[in-house]
Every structure is written in C-alpha cells, then in structure tokens.
Number of protein chains: 2
Amino acid sequence: MPSSLNIRPATVTDLPLILSFIKKLADYEKLPHQVVATEEILRVSLFGPKPQAECLLAFLDDAPVGFGIFFHNFSTFLGRHCLYLEDLFVVPEKRGHGVGKALLQRLAAIAVERGCGRFEWAVLDWNESAIEFYRSIGATMLDDWRIFRLSGEALQRMAKEEKEK
Amino acid sequence: MPSSLNIRPATVTDLPLILSFIKKLADYEKLPHQVVATEEILRVSLFGPKPQAECLLAFLDDAPVGFGIFFHNFSTFLGRHCLYLEDLFVVPEKRGHGVGKALLQRLAAIAVERGCGRFEWAVLDWNESAIEFYRSIGATMLDDWRIFRLSGEALQRMAKEEKEK
C-alpha cells in the first residue's frame, strides 16, 4: 500500500512538535547551540496577534515527518512581497518519499496564490544533496550573493552609537 | 562648515525619490532590467494598509543622498523576528561622508528597540568596498550560505503540480 502524504498548516497545539523539529534541524545543520527558541517564544511568534512566520507540517501515514517555516520578504526591484522559506526539514529516516518536494509544491502554490513574484530560501553550501534537489525542481542558485549579519555586541555597539549622536 | 546629515522615515510624498534611488541602485548593481517596481506598486507595498517594508531616507545638507529599505524576517532558531535590510544605497558622488554608516546605525538602533535578535543583509561578492565596510563595523559574513530562487515558469510549474494532486 502506498504511503499517504498529508500537509496542513500548524496550529497552536502543534508547538511541541514544531520545537522538536527545530531542534532536529539544528542538529542536522550542526548548529544545535544556536537554538534559543522555546514553546512560549514560538507561541507568540507563530500564533500571537501579529504572527511573524507561518508553519506547514507534513505527515506520512499520519506520523509527523517534516515541516516548513516561511514568511513574506520584500523585493525592492519587484516592489512587492515575496515568499521566503526560512526552514525546510524532513526527518532523515523518511527522506526519499517526496515529502520535501510536496512541501515545496505547496509553498509554490501559496506564493502564486498570494501574488508573490518569487520564492526563495537559503542552503548550506556543503549540503550537496539539497542543492542537487533544488536544482532539479528548476530553482536557481544566486551564486554571487553573500549574507552579512550584525548581532550580539556588535549590534548593541552600533545601536549605542546612534543613541549617542 | 561641516555637512549636516539627517535621516528620517520616508512618507508617501517621497515615492518619486524612492523609485529614483531604486533605479540608481539597480544600475550600480548592473541589474537595471530587474526593476519592475513603479510608484503605484510601491505606494501599496510601502504605504498601504499592510506595509510589506519600511524605508529610511538620508539627506546631506537637505539634499537626498541615500536610502535603506528594510523589513522583519524570522529566525527559526531564535524563534523571533529579526531586521533585514533589503537595500542600502548612497549616491556615488556622496560616498565617504558617513551616510551609509549613519543609516546602519539608525537601523541597528531600530533592531534593538524592536527586540530583534539580529540584523542582516546581502551583498554581491564582487563589491569589495562594501564588504570591507561591513566587516569594519563588526558584521560577520555567513560564507557558507547560498540563496536559491524559484521564479517565473519554474515557480508556476511547481504551483501547478500542487493544484493537480
């Protein structure tokens, strides 16, 4: 019997599951020390009065196997909002069943429905299987862009310089 | 007499100025063909009932010399919103007056005020002067991340696959 794959938006009762996926993803990306999210923080961010992101959950034969967290970003050149997939994760033991592709298809449909000009996400450059998969669905790697981050003490210092003007 | 530098949030009457800066930025990035934004599109995106991004303008001796367009993105690991600077631009003839740094300081202060865990932006890898400047203020380049983009026909095709399930 073929597996039954189902995708639905997360609700507030899914918070423990979402947090468990976030921690599994961080382990996979070798960044577990970066996770400071808690159920209470996510309750406000995802399900509060002003949600900052949305979450889709994927189930294979009713067992949760993956998730995607996304939000709208903005393209200056297009002048409009776009869809940005912050995280996509499928538990390693359930890869190869089309769960990741199904999540991307659902997100592409959401992007088109909402009038988003494009749909983007980031990938670690050593994750060759993910890169191959993304190319196979027609996505393009923006090879010449790099991300800069200001955080921690450097962020506080810049903010302080502004206050002291 | 030293130049007087002033930064303020853009208002709807600044739309022609904002669009002119977007076009100048696209020329600088060698991507002028990618600009499809118009004043009418930006009016909705920046000043409509549900703004998708915010804009700061910089003035040197009352003459407009630069802008920054930013929005909130979301970090799954932090579980909260962060500040993302989509575009930063200073007209080439007014560089070296601290306008870019002043815009970044104002944005850092906004990030801290709003409880953002971090402040990020992207840069083209050939833009060495920008990269040197960003490093000088304590920002870190995330060398191992690459952006993927699904747009145009590939995006429509994925959305169609979802609809045909």
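Any value given below was found using the heavy atoms of this structure, including those in side chains, with hydrogens, waters and symmetry copies removed. Since we're looking at a predicted model, the values are computed, not measured. First the proteins, then the strands, lettered A, B, ... as listed; each starts at 1.
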Problem - Main-chain N/O of A:Ala109 paired with B:Glu162 side-chain donor or acceptor, under 3.5 Å - result: no

Problem - Distance in Å, B:Ile147 CD1 paired with A:Ile147 CD1, rounded so as to fall on 0.5 Å steps - result: 4.5 Å

Handout entry: Which atoms of A:Glu40 approach chain B - backbone, side chain, both or neither, heavy atom under 4.5 Å
Key = neither

Handout entry: With sequence neighbours excluded, residues passing side-chain hydrogen bond (donor to acceptor under 3.5 Å, both in side chains) with B:Lys163
Key = A:Glu113

Exercise for the section: Heavy-atom pairs under 4.5 Å with chain B are the metric here; pick the option from A:Ile131, A:Leu104, A:Val44, A:Leu25 that has the most. Expected result: A:Ile131

Exercise for the section: Measure distances from B:Leu46 to the heavy atoms of chain A and classify the residue's part below 4.5 Å as side chain, backbone, both or neither. Expected result: side chain

Exercise for the section: Could you tell me which portion of B:Glu29 (side chain, backbone, both or neither) has an atom closer than 4.5 angstrom to a non-hydrogen atom of chain A? Expected result: side chain

Practice task
Please flag which part of A:Ile137 lies under 4.5 Å from any non-hydrogen atom of chain B: side chain, backbone, both or neither.
Solution key: both

Completion exercise
Checking heavy-atom separations under 4.5 Å from chain A, one finds in residues 117-125 of chain B B:Gly117, B:Arg118, B:Phe119, B:Glu120, B:Trp121, B:Ala122, B:Val123, B:Leu124, B:Asp125

Fill in the blank from the handout: Highest number of heavy-atom pairs under 4.5 Å with chain A among B:Ile7, B:Thr38, B:Leu78 belongs to B:Leu78

Practice task
Specify which of A:Gln52, A:Gln105, A:Arg149 makes the most heavy-atom pairs with chain B at under 4.5 Å.
Solution key: A:Arg149

Exercise for the section: Specify which of B:Val35, B:Leu19, B:Asn127 makes the most heavy-atom pairs with chain A at under 4.5 Å. Expected result: B:Val35

Problem - Nonpolar side-chain network containing A:Ile41, other nodes, edges under 4.5 Å - result: none

Exercise for the section: Name the region of A:Tyr84, side chain, backbone, both or neither, that has any atom closer than 4.5 Å to a heavy atom of chain B. Expected result: side chain

Exercise for the section: Considering only heavy atoms and a distance below 4.5 Å, find which of A:Cys55, A:Ser45, A:Ala154, A:Ser151 pairs most often with chain B. Expected result: A:Ser45

Completion exercise
Okay, A:Lys101 and chain B: the region with an atom under 4.5 Å from a heavy atom over there is both

Fill in the blank from the handout: Given A:Lys23, A:Lys160, A:Arg80, the one with more heavy-atom pairs under 4.5 angstrom with chain B than any other is A:Arg80

Problem - Value rounded to 0.5 Å, distance of CH2 in B:Trp145 from CH2 in A:Trp126 - result: 8.0 Å

Exercise for the section: Can you measure from CG (A:Leu107) to CG (B:Leu155) and round to the nearest 0.5 angstrom? Expected result: 10.5 Å

Problem - Distance flag, aromatic centroids of A:Phe71 and B:Phe74, threshold under 6.0 Å - result: no

Problem - Proximal component of A:Arg157, with respect to chain B [non-hydrogen, under 4.5 Å] - result: side chain

Problem - Check: B:Gln34 side chain, A:Phe77 main-chain N or O, donor-acceptor pair, under 3.5 Å - result: no

Completion exercise
Cut-off 4.5 Å, heavy atoms of chain B, and the answer for A:Cys116 is backbone

Exercise for the section: May I ask you to name which of B:Ala139, B:Gly138, B:Cys82, B:Ala102 has the most heavy-atom pairs under 4.5 Å with chain A? Expected result: B:Ala139

Completion exercise
One should read off an interatomic distance between A:Lys50 NZ and B:His81 NE2, to the nearest 0.5 angstrom, of 8.5 Å

Exercise for the section: Take atom CD of A:Glu153 as the centre, draw a 6.0 Å sphere, and report whether it contains more than 12 heavy atoms from other residues, nucleotides or ligands. Expected result: no

Completion exercise
Max heavy-atom pairs within cutoff under 4.5 Å with chain A, candidates B:Ile69, B:Ile110, B:Leu83, goes to B:Ile69

Problem - Under 4.5 Å from a heavy atom of chain A, the part of B:Leu85 involved - result: neither

Completion exercise
Checked A:Thr76, A:Val36, A:Leu42 vs chain B; the most non-hydrogen pairs under 4.5 Å come from A:Thr76

Handout entry: CG on B:Asn73 to CZ on A:Phe70, rounded to 0.5 Å
Key = 15.0 Å

Completion exercise
Whatever's closer than 4.5 Å to a heavy atom in chain B on A:Ala111 counts as side chain

Problem - ring-ring contact (aromatic ring centres under 6.0 Å, His included) partners of residues 30-62 of chain A, not counting sequence neighbours, each pair once - result: none

Completion exercise
Scored by heavy-atom pairs under 4.5 Å with chain A, the best of B:Ala26, B:Gly152, B:Pro32 is B:Ala26

Practice task
Verify the neighbour count for atom CD of B:Glu128: are there more than 12 heavy atoms of other residues, nucleotides or ligands below 6.0 Å?
Solution key: no

Problem - Among A:Arg135, A:Met141, A:Arg146, residue most engaged with chain B (heavy-atom pairs, under 4.5 Å) - result: A:Arg146

Practice task
Would you give the length of the straight line joining atom OG of B:Ser75 to atom CD1 of A:Ile22, rounded to the nearest 0.5 angstrom?
Solution key: 8.5 Å

Practice task
Examine whether an atom of A:Ile18 lies under 4.5 Å from a heavy atom of chain B, and if so say whether it belongs to the side chain, the backbone or both; otherwise answer neither.
Solution key: neither

